[in-house]
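Report on one structure; see the data block that follows.
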Amino acid sequence: MACNKENKSTLWPAKFTCEVDGITYKDQTPYILPPGAKRTPSFNYHFDDLQKGIYFSSRLALVNQGQNEVGGYAIMIDIPLKDPLAINKEYQFVGMAGEEHNMPINYLYRYREKGLAYCHVYANGEMNKNSFGTGKLIIQSFDLEKSQVVGQIEFSVPSPVSEDAHKLLSFKGQFDTGINQN
């Protein structure tokens, strides 16, 4: 008697693929995670009396191992909103001049205190060498009923693995993920 097994993926179905200086990285979060781990890519949207904003995060891993010395990047984009989310609008963020390279993880609170949109990146799990980028996030489709959002990001950021703050990395990617409103 033959066994009929389904071929099920071990990766979470949400997708984010990004080129970093032309090298492909992908969010490859496993379907089953240890307790306390967070699924990525994630997209949070709030527009109520308590919170107004969007937050995108992802953990990118190198698709072809050995192609680059950086095995992975963590990306977080936080954008305060004055109006409800709009399709095809460019939501822009800018790193504060002179304060965008090798900053500690808690530095993002300076952006939050000032109500500024920001994108911060760290590499290879080194959370205290954050770089803040300049660029945009564009939502291409947004369906609260289906809890699905599709969009793209494009930004440049000082390399978090280089001591040279002038060595910029270029990120360009596409995501398709669920919407979290918690």
Side-chain angles (χ1 to χ4, degrees), residues 14 16 18-21 23 25 27 29 36-61 68-86 88-139 142 149 151-175 177-182:
F16 178 51
C18 188
E19 286 198 0
V20 181
D21 283 354
I23 298 172
Y25 287 79
D27 194 320
T29 302
K38 183 180 174 188
R39 290 199 193 289
T40 62
S42 70
F43 185 91
N44 293 30
Y45 172 68
H46 300 280
F47 200 81
D48 55 38
D49 292 338
L50 298 175
Q51 297 179 31
K52 291 179 173 48
I54 52 180
Y55 178 80
F56 174 81
S57 68
S58 181
R59 289 185 301 268
L60 294 169
N68 193 346
E69 73 275 3
V70 178
Y73 292 98
I75 299 171
M76 277 106 339
I77 299 172
D78 196 348
I79 301 172
L81 296 175
K82 292 184 174 129
D83 299 309
L85 193 69
N88 295 321
K89 177 179 177 180
E90 288 188 7
Y91 291 96
Q92 299 190 359
F93 43 87
V94 178
M96 289 189 276
E99 301 179 22
E100 61 274 277
H101 185 248
N102 279 345
M103 306 308 287
I105 187 72
N106 62 354
Y107 203 80
L108 59 91
Y109 293 107
R110 293 193 56 155
Y111 286 82
R112 287 184 181 166
E113 288 169 354
K114 296 178 181 189
L116 299 174
Y118 66 87
C119 168
H120 78 97
V121 175
Y122 61 85
N124 296 331
E126 182 56 60
M127 295 177 72
N128 278 313
K129 288 192 172 188
N130 287 273
S131 289
F132 289 84
T134 297
K136 62 188 175 185
L137 178 144
I138 300 170
I139 302 302
F142 183 80
V149 60
Q152 64 185 38
I153 63 168
E154 190 172 336
F155 64 92
S156 62
V157 61
S159 172
V161 296
S162 173
E163 293 304 315
D164 181 2
H166 300 290
K167 181 179 179 349
L168 296 179
L169 298 176
S170 175
F171 285 72
K172 187 172 185 174
Q174 185 83 22
F175 61 87
T177 191
I179 301 167
N180 182 0
Q181 292 189 284
N182 296 331

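Quick note: residue numbers are just sequence positions, from 1.
In this structure, the separation between CD1 on I105 and CG on N128 is 7.0 Å, given to the nearest 0.5 Å. Atom CG of D27 and atom SG of C18 lie 10.5 Å apart (nearest 0.5 Å). Separating the CZ atom in F155 from the CG atom in L169 is a distance of 9.0 Å, to the nearest 0.5 Å. Annotation: the span from Q51 atom CD to D49 atom CG amounts to 11.5 Å, rounded to 0.5 Å. For the atom pair NZ of K52 and OH of Y45, the computed distance is 9.5 Å after rounding to the nearest 0.5 Å. Remark: E100 CD to T134 OG1 distance equals 7.0 Å, nearest 0.5 Å.
With sequence neighbours excluded, the residues that form a side-chain contact (heavy atoms from CB on, under 4.5 Å) with K89 are A86, Y91. By the side-chain hydrogen bond (donor to acceptor under 3.5 Å, both in side chains) test, Q174 pairs with Q140, sequence neighbours left out. Here S42 pairs with K38, N44, S57 under the side-chain contact (heavy atoms from CB on, under 4.5 Å) rule; sequence neighbours left out. In terms of the side-chain contact (heavy atoms from CB on, under 4.5 Å) criterion, residue partners of S170 (sequence neighbours excluded) are, by chain and number, D21. Applying the ring-ring contact (aromatic ring centres under 6.0 Å, His included) test to F16 and every residue at least two apart in sequence or in another chain returns F56. With sequence neighbours excluded, no residue forms a side-chain hydrogen bond (donor to acceptor under 3.5 Å, both in side chains) with S131. Applying the side-chain contact (heavy atoms from CB on, under 4.5 Å) test to D164 and every residue at least two apart in sequence or in another chain returns S162, H166, K167.
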Before giving the answer on side-chain contact (heavy atoms from CB on, under 4.5 Å), spell out for F93 and I77 the whole-Å C-alpha distance, their side-chain angles and the decisive distance to 0.1 Å. CA-CA 8 Å; F93 43 87; I77 299 172; 4.0 Å; yes

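Between N124 and Y73, every side-chain heavy-atom pair lies at or beyond the 4.5 Å cut-off. Looking only at side-chain heavy atoms (C-beta outward), F175 and I139 come within less than 4.5 Å of each other. Side-chain contact between V149 and T177 is present, with heavy atoms from C-beta onward closer than 4.5 Å. When side chains are defined from C-beta on, F171 does not count as touching E19, because their heavy atoms never get closer than 4.5 Å. In this structure the side chain of V94 never reaches within 4.5 angstrom of the side chain of F132, judged on heavy atoms. Two residues are said to be in side-chain contact when any heavy atoms from C-beta on lie closer than 4.5 Å; N180 and F43 fail this criterion.
Heavy-atom contacts from other residues, nucleotides or ligands closer than 6.0 Å to NZ of K172 number 12 or fewer.
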Donor-acceptor pairs under 3.5 angstrom involving side-chain atoms of residues 111-122: please list them, not counting sequence neighbours.
unit_1: Y111; atom_1: OH; unit_2: M96; atom_2: N; d: 2.8
unit_1: R112; atom_1: NE; unit_2: D78; atom_2: OD2; d: 3.3
unit_1: R112; atom_1: NE; unit_2: Y118; atom_2: OH; d: 3.0
unit_1: R112; atom_1: NH2; unit_2: Y118; atom_2: OH; d: 3.1
unit_1: Y118; atom_1: OH; unit_2: D78; atom_2: OD2; d: 3.3
unit_1: H120; atom_1: ND1; unit_2: N130; atom_2: OD1; d: 2.7

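Looking at every heavy atom in both residues, H101 comes nearest to P158 through CD2-CB, 3.5 Å.
Residue pairs meeting the salt bridge (Lys or Arg N to Asp or Glu O under 4.0 Å) criterion with at least one partner in residues 128-139, sequence neighbours excluded, are E90-K136, K129-E163.
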